[in-house]
Amino acid sequence: MIADRIWTSLTALRKRQPLIHNITNLVATNNSANALLALGASPAMVHSSDEVEDFVALSQALVINIGTLYSEQIAASKLAAIRAKAAGVPWALDPVGAGATPYRKAAALALTRLGPSVIRGNGSEILALARQERVGQGRGVDSLHGSEAALDAARGLAGESGAVIAVTGAVDYVTDGSRVLEIHNGHPLMTRVTGLGCSATAVIGAFLAVEIDPLAATVAGLAVFGVAGEIAAEQARGPGSLQVALLDALHTMTQDDLTQRLKLEEAKDHRTKPLNFPPRPEKS
Amino acid sequence: MIADRIWTSLTALRKRQPLIHNITNLVATNNSANALLALGASPAMVHSSDEVEDFVALSQALVINIGTLYSEQIAASKLAAIRAKAAGVPWALDPVGAGATPYRKAAALALTRLGPSVIRGNGSEILALARQERVGQGRGVDSLHGSEAALDAARGLAGESGAVIAVTGAVDYVTDGSRVLEIHNGHPLMTRVTGLGCSATAVIGAFLAVEIDPLAATVAGLAVFGVAGEIAAEQARGPGSLQVALLDALHTMTQDDLTQRLKLEEAKDHRTKPLNFPPRPEKS
Amino acid sequence: MIADRIWTSLTALRKRQPLIHNITNLVATNNSANALLALGASPAMVHSSDEVEDFVALSQALVINIGTLYSEQIAASKLAAIRAKAAGVPWALDPVGAGATPYRKAAALALTRLGPSVIRGNGSEILALARQERVGQGRGVDSLHGSEAALDAARGLAGESGAVIAVTGAVDYVTDGSRVLEIHNGHPLMTRVTGLGCSATAVIGAFLAVEIDPLAATVAGLAVFGVAGEIAAEQARGPGSLQVALLDALHTMTQDDLTQRLKLEEAKDHRTKPLNFPPRPEKS
């Protein structure tokens, strides 16, 4: 049933080709754009504070990623987020390396306060945002923590920020503070390709454009990305060919691929109320 | 006969390895450099206003692309274009998303006035530059218009700017205001890979370094790129492997590949004078 | 014996996954990060002068590359290098296109004076740094000179700067001013892929994190990268697939691959003292 809803969203995405505005990092910008194109969306990478407000107003969703942040980009990201909020454009935040430096943590917290629909990070990033880890104790942009170690922090952060929180890792957790879902797709070789977490956030952004419930959009994005990664890993001879095959798999994914591979469940220990997606209104 | 001329240019390019100065966007910079290397040119991506004037004077052609523009890059692009013009270095302009925001349109128009040899865009971009489309009515950086819808605008823009105009899409049109050529190569899957339009402009730039007639250089660039895309699409399993195979095909293209696949013709309805490339003097 | 030492370092690298801080160019940032991940390291691309000092102090090595330099990046690179030196973090410099413009040469020389452990460049770049070539006489970022033409300059530069100097090309030379080694691995098709020199420097940086002797680290980095390039070239159909296969080969390289393919020797004509790596203490 959830697989059907994800498939419906993917079909809508391929048909409508929503414009996704990305303010992202120098490492992941090419791969994120390619992931969005392979998925069926229409990505644009627009960074200047001179135009982000105009551009986001034309877009169906916004993705902000602080991977290679610098002062002008923080300003542009804030302007875009504020305008997105005002214009009703949903947006996703990727707080890359949030705990690594004070500068990075401050930027991530400031953006969190501007009302993202979704925040996706690894365990260390979500712990940092939830102020449960000291700055400078991480491993740069890679996680020192498994995703499950950040689940309680994620639920707290969801409650505090109003955003859906995704903690990704060997298992991906998605929560809005009450509902918690686990996704067991993906493949360990994906951690040996740069920017795939960033691309996953971009893909979540694309689903925000066609799925009204941010929790369902986040689950859809991570499920589709994880299934594509699994298909790619079966064909790959290493991380180079994995990256290529992942883009192919996003483009060619069928309903059977999704339905047969999806490993999604409610997190039993953390559930406070039964899983219940609101009915899916057609997003205009 | 045109195929022979294109092949002669490609052979010259592979032999001379001209230095192509690129001021391009963050998404396409890697792919453009790789396309130029695969083709046989020697690309350099040099952006700082502190050195672009020195650098362009060493180069055999310049390519300016406004995809991820910001104020410093606009300044550097203008400085490079002015010096290129003064030094007799031909240059190509890619007005990415020209119609999306006022900032982007103003930058594209300002650069157009600095005398590019060639402007390549999709239908919406050429319509915006020809002031036939309101700002903010496009779809970000993707085109809402087929290339044929912009052909009249292209001819007018060619007359006004003195540049050869290429409008690319399912069919590519190239015009200097009087002559009009159509190229029917390429493959729809190419639209699912980011930055291929940008790479096509870079490839045109490389041909400007070895072919004295900008119309012939533009046709050569688009023909070679389109043929490479076709070869790649036959081997690809999706957009990821297409991008890889396209670089391979640019590198390995033979005269037979080009001659047998080239689909080039004069645009019958729009021709005002018979096609006539000036004789090909050897460019030193 | 040297092959054993290189393999020991590679094994240590895969186990410890050292954090490698990169301040690199827009073209190579994705490929460098992927090369480091494929190798087994944990790369981070962190550029802002607001955080590089904090970040480098968390890192096990630093790599600075001036490929697409601009004023803010030069400042950030200097700050990072100064802090790295103070904190005992080894760092590698890639002086891309050092001879092309006065701006680029000044930046490369200023960074050289900040005490890199290793400098890797092509022949023209090392000649420029050793002040044996006039600015503006190169071919942009590609070399006009074979690596052997820069060997004397490299030895002088090593003596003057205190850094190990690597001059790469058809043959790679590595020298600390007295010892000189030659590596004959790699493949000509590697010159048709952008940023592979930059990625080689990044890989050297990773070995600096696990190998106490900068000469041995540099040899290890170039040997592993060259062997991976050879393996990749055997599988590739052109430069696109070479880049993909190279990342795969870095990830899957076995001790047999390395031992059987390694072509490393002392440079007979230039040796002033017998090759002697200091004993390999375990780096903490």
Side-chain angles (χ1 to χ4, degrees), chain A residues 24-34 66-74 96-108 124 134-144 188-199 235-247, chain C residues 14 16-60 68 70 72-73 76 228 231-232 235-236 240-253:
Chain A
T24 188
N25 68 68
L26 305 174
V27 187
T29 189
N30 182 274
N31 197 57
S32 290
N34 273 329
I66 66 165
T68 51
L69 84 175
Y70 52 96
S71 58
E72 151 70 9
Q73 191 185 12
I74 297 174
V96 180
T101 63
Y103 179 66
R104 199 165 277 272
K105 181 160 181 175
S124 293
R134 275 198 305 139
V135 162
Q137 301 304 300
R139 277 174 53 80
V141 299
D142 293 332
S143 191
L144 272 180
L189 192 57
M190 295 170 78
T191 64
R192 295 284 112 198
V193 180
T194 196
L196 290 198
C198 306
S199 293
Q235 301 166 3
R237 305 205 283 184
S241 45
L242 177 77
Q243 181 171 18
V244 171
L246 198 157
L247 295 174
Chain C
R14 288 174 173 174
R16 294 187 221 161
Q17 305 188 24
L19 177 58
I20 312 300
H21 179 180
N22 295 265
I23 302 176
T24 188
N25 68 68
L26 305 174
V27 187
T29 190
N30 182 276
N31 197 58
S32 291
N34 273 329
L36 289 171
L37 280 169
L39 189 71
S42 176
M45 316 326 254
V46 173
H47 298 78
S48 171
S49 57
D50 292 310
E51 65 167 346
V52 289
E53 291 165 291
D54 290 334
F55 202 91
V56 77
L58 306 173
S59 303
Q60 278 79 57
T68 50
Y70 52 96
E72 150 70 10
Q73 191 185 12
I231 295 172
Q235 301 165 3
S241 44
L242 177 77
Q243 181 170 17
V244 172
L246 198 157
L247 295 173
D248 288 351
L250 284 172
H251 186 72
T252 57
M253 190 178 294

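Proteins get letters first, then strands, A, B, ... in listed order; numbering begins at 1 in each. Heavy-atom basis, side chains included; hydrogens, waters and symmetry copies ignored.
Note that the OG1 atom of T191(A) and the CD atom of Q17(C) stand 7.5 Å from one another [nearest 0.5 Å]. To the nearest 0.5 Å, the span separating CG on N22(C) from OG1 on T68(A) amounts to 12.0 Å. The OG1 atom of T29(A) lies 10.0 Å from the CG atom of N30(C); values are rounded to the nearest 0.5 Å.
Between the side chain of D248(C) and the backbone N or O of S241(A), at least one donor-acceptor pair lies under 3.5 Å. A donor-acceptor contact shorter than 3.5 Å is absent between the side chain of R192(A) and the backbone of A38(C).
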Which is it for N34(C) and Q243(A) under the side chain to side chain contact (heavy atoms under 4.5 Å, CB included) test, yes or no, and what are the steps along the way? CA-CA 10 Å; N34(C) 273 329; Q243(A) 181 171 18; 3.3 Å; yes
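Side-chain contact between M45(C) and T194(A) is absent, with no heavy atoms from C-beta onward closer than 4.5 Å. Counting only heavy atoms from C-beta outward, the side chains of L26(A) and H47(C) approach each other to under 4.5 Å.
With a 4.5 angstrom heavy-atom cutoff, Y70(A) touches chain C via backbone and side-chain atoms both. Using a 4.5 Å cut-off between heavy atoms, L69(A) touches chain C through backbone and side chain atoms alike. Heavy atoms closer than 4.5 Å to chain C are found in the side chain of V244(A), but not in its backbone. Using a 4.5 Å cut-off between heavy atoms, Q235(C) contacts chain A through its side chain alone, with no backbone atom that close.
Heavy-atom pairs under 4.5 Å with chain C were tallied for G240(A), P102(A), A236(A), S71(A); the largest tally goes to G240(A). In terms of heavy-atom pairs under 4.5 angstrom with chain A, the leader among D50(C), L247(C), N31(C), V46(C) is D50(C). Interface remark: of the candidates L250(C), I20(C), L37(C), L37(C) forms the most heavy-atom pairs closer than 4.5 Å to chain A.
The two residues T252(C) and R237(A) come nearest to each other via the heavy atoms CG2-O, 3.6 Å.
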